[in-house]
Amino acid sequence: MIRVYNTLTKTKEEFKTVQPGKVGMYLCGPTVYKPSHIGHMVGPVIFDTIKRYLKYNGYDVNFVINITDVDDKLIAEANARKIPMAAVADEMTADYMRNLDAMGVKDSVDAFPKATDHIGNIIKFTQGLIDKDFAYESDGAVYFDVGKLSDYGKVSHRSLEQMLGEGGGTADRKRTPFDFALWKSAKAGEPSWDSPWGKGRPGWHIECSVMSCELLGETFDIHGGGLDLVFPHHENEVAQSEARHGKPMCNFWMHNGLMQASNEVGKVGGRNTKAASEGDLESQEGGKISKSKGASAFRDMLKQFDPEQIRFFLLSSHYRRPIDFSFERIEEVGKGLDTFYRFFKRFEKITGTNFYTLTAPTSRKDGDAATLQTPLCKQVAEYRQKYLEAMDDDFNTGGAIGILFDLLRVLNKYVDDAKLETSKGEVGPLVHGAMVLREIGLTLGLFREPPQEKESAGSNELVGKLMSLLIELRANAKKAKDFQTADTIRNRLKDCGVTLEDRPGGTEWSL
RNA sequence: GGCGCCGUAGCCAAACGGCUAAGGCAGCGGAUUGCAAAUCCGUUAUAUCCCGGUUCGAAUCCGGGCGGCGCCUCCA
C-alpha cells in the first residue's frame, strides 16, 4: 500500500486513484522569463521519480507540467530586451527543456501545455464562473469572488475572516481584498487577446485550472508544486475549479520543500555580481532559491556536475524537507555515487556484462517473481523489500538511497568473499543482485546511462593508448622491483588527476 | 503580529510510540597491498536544541521556551 502525504488533510493517506490503474498528475511549471536555475529542477525531478515509482507499481501515469508563457515578469523582460514576449518565452522554454532533458525528466512528462495555447479555454472557463456568479467583471477585468466560496482556504489552512482581520490585500476594483484576477485588462503595449470583456490577458491562477481540466479531467489524482505555491496559487486554483465544476479538483495535493540558497549559488558564472551591486539582499543572505535573482543558470551548473550527481543530491533527502544548496554537498554525494560506478566496472570485469545493458524487471510484480534462493539472493530480496517499504511510505527517497548503499555493500562483499576477481566462481547470484540494483536504480531515475564525463575521457583513443603504455612501463618496473619508478609514474599521474588502481586482474585507471 | 514547516553524530540524512537510533561524507583501527588505491570488517550520538507533561515505554504525542525557514507585499 502506497501512502501519500496530502496537504489538504495534513496526513498520510492511502493512495487511491480516480480511475483504477490510472493516475493523472499535474505539476506547476515555470514562468519562462529567465533561464532556469537548480531550484526549478527540484519539483520535476521529484515528481518524475514519483511517476517512475507509480509506473513500476503498475499505474498508467499521465504527467503534465505547464509552461506559464504570459505574465507580468515576461512582459517586463520582453520590454527590457526590446523583443516580443513570445521570443522570450520560446528562448527560456527551450532552456528549460534542455535542462529537464539532462535530468532525465523530459521524456517522462506527457505534456507541457502553454497558457497562450489555451486562451480560448481560459475565456470559456472564466465566462462559466461569471455565469455561475462566482466571478464578476470590473472595468475590463474579471475577478473571482472568494466571498462566494464557503471553504476558501482549505488548501493553505487559513480562513478568509482571519486574513481579512489582518487587513491584508488591497481592494481596488475588487469586492473583497482577496478576490483575484481571472482576466486582466490590457495596458498599452502589452500582449493581449480579445475577450467578452475587452482586450486583455489571463491572470496567473486560471491557466492551471483550465489546462489541468483539459488534459486530466475535472477531478484528477495528484497536484504537485513547491511549498511556496500553496497560497495563494493553489488555493485559488481549487477555488476556480471547484466553483466551476462543483466537484473536487484533485485528490492529493503534494508539495515539495524549497531549495534554500546559500551565498555560493550566485557565484557560478558571476551572475551574482549584478544583483549584489544592486543591493539585492535576498541573493546575499540566502532564502528560497526561486526568488533569488542571483541564482546561477542551471545550464552552467551542468558544466560542473554530472546530471546524475545533481539528481542523486536532490533525492538524497525527503521531498517535503527544504534542501540547502551547496557545492560541497553535491561533491559529497558524488563520492557516494562513484562507489556505485566502481562496482559497475567491477561487475563488468567479472561477468563480461555491462551493467547498463542489464534487463531488469520494470514492474514490482515481475521483480517479486524474480527472487532466487541462494543466501545472497535472499539478502538482496530483503533489501529490495526494505526499499519498497521506504518508497511506499510517501516516496521516501532518502531512506531508499540508504538501502541502495546497503545493497551495494552486500554485492561487493560477495565479490570479495568468493574471490570472483581472481578465480572462477558462482556469478549467478551476483548478476541477480546487480539486476535488483538496476531495478531499484531505474525507479529512482538513476543509473540510466554511464556518467558522461568519465565515459568521454575513457573513449578517447589516444589517451587510452598512452595510458596502456604508462601502465605497461610501470608493470615492468614493478616486476624489476623498481618501486621508485613505479611510484613516480603513479604519483605523477595522480597530479594529472588520474588514479591508478592495482587490481587483481591488472592495473586500472580512472579520472 | 497571523498561519505553517523544521532543529537527529564533525557535516548531510533515515526514522512516524516498542528489538542494538539506517545510510552517506569526513576521521580512526584492521584485513588486503611492495607501498598505495579500491573493497570488506570494526569504530565514531548512554542517545535526537532546551524545560516540563502524557505513557509500562517518546527522536516520534501534548504544552512552553530558544533557533532556522516559508507564506501572509508585487491591480496573484
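Bear in mind the structure is a predicted one, so any value in this text is a computation, not a measurement. Throughout, protein chains are lettered first and strands after them, A, B, ... in sequence-line order, and every chain is numbered starting at 1.
When heavy atoms are screened at a 4.0 angstrom cut-off, A/K345 is found touching no nucleic acid atom at all. When heavy atoms are screened at a 4.0 angstrom cut-off, A/F483 is found touching base atoms of the nucleic acid. If you check every strand for non-hydrogen atoms under 4.0 Å, A/H318 touches sugar and phosphate atoms only.
Set against B/C75, B/A37, B/A13, the side chain of A/T499 has B/A37 as its closest nucleotide. Between B/G24, B/G34, B/C72, one nucleotide has an atom nearer to the side chain of A/A486 than all others, and that is B/G34. The side chain of A/E332 has B/G24 as its nearest neighbour among B/A26, B/C35, B/G24. Here the side chain of A/Q260 is nearest to one of B/C12, B/C69, B/C35, namely B/C69.
Pairing partner, B/G1: B/C72, with both Watson-Crick or wobble hydrogen-bond distances short of 3.5 Å. The base-pairing partner of B/U8, taking Watson-Crick or G-U wobble contacts with both distances under 3.5 Å, does not exist among the strands shown. Across every strand in view, B/U43 sits in a pair with B/G27 that passes the Watson-Crick or G-U test at under 3.5 angstrom. Across all strands shown, nothing is found opposite B/A38 as a Watson-Crick or G-U wobble partner with both distances under 3.5 Å. Of all nucleotides present, none satisfies the Watson-Crick or G-U wobble test against B/C19 with each distance under 3.5 Å. Checking B/A58 for Watson-Crick or G-U wobble geometry (two distances, each under 3.5 Å) identifies no partner in any strand.
Separation of the C1' atoms belonging to B/C25 and B/G63 is 38 Å when rounded to the nearest angstrom. Look at the P atom in both B/U55 and B/U60: the space between them is 16 Å, to the nearest Å. Nucleotides B/A58 and B/U8 are separated by 14 Å at their C1' atoms, to the nearest Å. Comparing the P positions of B/A9 and B/C51 gives a spacing of 16 Å, expressed to the nearest Å. Taking atom P in both B/C19 and B/G65, one finds a spacing of 32 Å when rounded to whole Å. Taking the P atom of each, B/C11 and B/A45 are spaced 14 Å apart, rounded to whole Å. Comparing B/A14 with B/A22, their P atoms sit 15 Å apart, to the nearest whole Å. To the nearest whole angstrom, the two C1' atoms, one in B/C5 and one in B/G23, are 25 Å apart.
Note on A/K349 versus A/E508: salt bridge recorded, some NZ/NE/NH1/NH2 to OD/OE distance being below 4.0 Å. The pair A/D502-A/R474 meets the salt-bridge criterion, since a charged nitrogen lies less than 4.0 angstrom from a carboxylate oxygen. Salt bridge A/D145/A/K174: absent, no basic N to carboxylate O contact under 4.0 Å. In summary, A/D194 and A/K199 engage in a salt bridge, as defined by a charged side-chain N under 4.0 Å from a carboxylate O. Ion pairing of A/D394 with A/R3 is absent here, as no side-chain N (NZ or NE/NH1/NH2) approaches a carboxylate O to less than 4.0 Å. Here A/E439 pairs with A/R384 in a salt bridge; the nearest charged N to carboxylate O distance falls below 4.0 Å. With respect to the salt-bridge test (charged N to carboxylate O, under 4.0 angstrom), the residues A/D338 and A/K335 do not qualify.
Rounded to whole angstrom, the span from the CG atom of A/D406 across to the C1' atom of B/A14 amounts to 11 Å. Distance, A/F340 CZ to B/G24 P: 9 Å, rounded to whole Å. Taking atom CG of A/D228 as the reference point, atom C1' of B/G4 lies 14 Å away to the nearest angstrom. Atom NZ in A/K335 sits roughly 15 Å away from atom C1' in B/A37 (whole-Å rounding). We find that CG of A/D324 is positioned 22 Å from P of B/G24, with the value rounded to whole Å. When the P atom of B/G34 is taken as reference, atom CG of A/L500 falls 16 Å away, rounded to whole Å. Here the P atom of nucleotide B/G70 and the CD1 atom of A/I323 are 15 Å apart, to the nearest Å.
Between A/F447 and A/F340, the ring-plane angle classifies as tilted under the 30° and 60° cut-offs. Aromatic ring orientation, A/F180 versus A/Y152: parallel (interplanar angle below 30°, classes split at 30° and 60°).
For A/H233, the ring pair (Phe, Tyr, Trp, His ring centres under 6.0 Å) partners are A/W204, A/H205, not counting sequence neighbours. With sequence neighbours left out, the salt bridge (charged side-chain N to carboxylate O under 4.0 Å, His left out) criterion links A/D392 to A/R364. The salt bridge (charged side-chain N to carboxylate O under 4.0 Å, His left out) check on A/E421 picks up A/R346, A/R503, with sequence neighbours excluded. Scanning for ring pair (Phe, Tyr, Trp, His ring centres under 6.0 Å) contacts around A/W197 gives A/W183, with sequence neighbours left out.
Cation-pi check for A/R244 over A/F134 is not met; the charged atom does not lie both under 6.0 angstrom from the ring centroid and within 45 degrees of its normal. In this structure, A/R175 forms no cation-pi arrangement with A/Y143, as its terminal cationic atom is not both closer than 6.0 Å to the ring centre and no more than 45° off the ring axis.
Nearest heavy atoms, A/F395 versus A/Y53: CE2-CD2, 3.8 Å.
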Are there any protein N/O atoms within less than 3.5 Å of an N/O atom in nucleotides 5-9 of chain B, and if so, which ones and at what distance?
{"unit_1": "B/G7", "atom_1": "OP1", "unit_2": "A/R321", "atom_2": "NH2", "d": "3.4"}

Set out, line by line, the N/O atom pairs under 3.5 Å between protein and nucleotides 29-32 of chain B.
none

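Between A/F231 and A/H205, it is A/F231 whose nearest contact on RNA chain B lies nearer the 5' terminus.
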- [ ] Tell me, with the steps shown, if A/R490 and A/E501 meet salt bridge (Lys or Arg N to Asp or Glu O under 4.0 Å).
- [x] CA-CA 9 Å; A/R490 190 171 62 196; A/E501 292 178 29; over 6 Å; no
Quiz: residues 491-498 of chain A side-chain donor-acceptor pairs under 3.5 angstrom, not counting sequence neighbours:
{"unit_1": "A/N491", "atom_1": "ND2", "unit_2": "A/D487", "atom_2": "O", "d": "3.1"}
{"unit_1": "A/K494", "atom_1": "NZ", "unit_2": "A/T499", "atom_2": "OG1", "d": "3.4"}

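Between the CG atom in A/L404 and the CG atom in A/L446 there is a gap of 7.0 Å [rounded to 0.5 Å]. To the nearest 0.5 Å, atoms OH (A/Y387) and OG1 (A/T397) are separated by 9.5 Å.
Side-chain atoms of A/D502 come within donor-acceptor range of the base of B/C35, with a qualifying N/O pair under 3.5 Å.
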TODO: Produce a footprint string for nucleotides 38-44 of chain B: one letter per nucleotide, 5' end first; B if the base is under 4.0 Å from any protein heavy atom, S if only the sugar-phosphate is, - if neither.
DONE: SBSS---
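Contact check of residues 468-481 of chain A against RNA chain B (heavy atom, cut-off under 4.0 Å) returns A/R474, A/K478. Within a heavy-atom distance below 4.0 Å of RNA chain B, no residue of residues 377-387 of chain A is found. The stretch residues 188-203 of chain A does not touch RNA chain B, since none of its heavy atoms comes less than 4.0 Å from the strand. For residues 390-401 of chain A, proximity to RNA chain B is found at A/D393, A/N396, A/G398, A/G399, defined as any non-hydrogen atom under 4.0 angstrom from a strand atom.
The local environment of NZ in A/K345 is sparse, with at most 12 non-hydrogen atoms from other residues, nucleotides or ligands closer than 6.0 Å.
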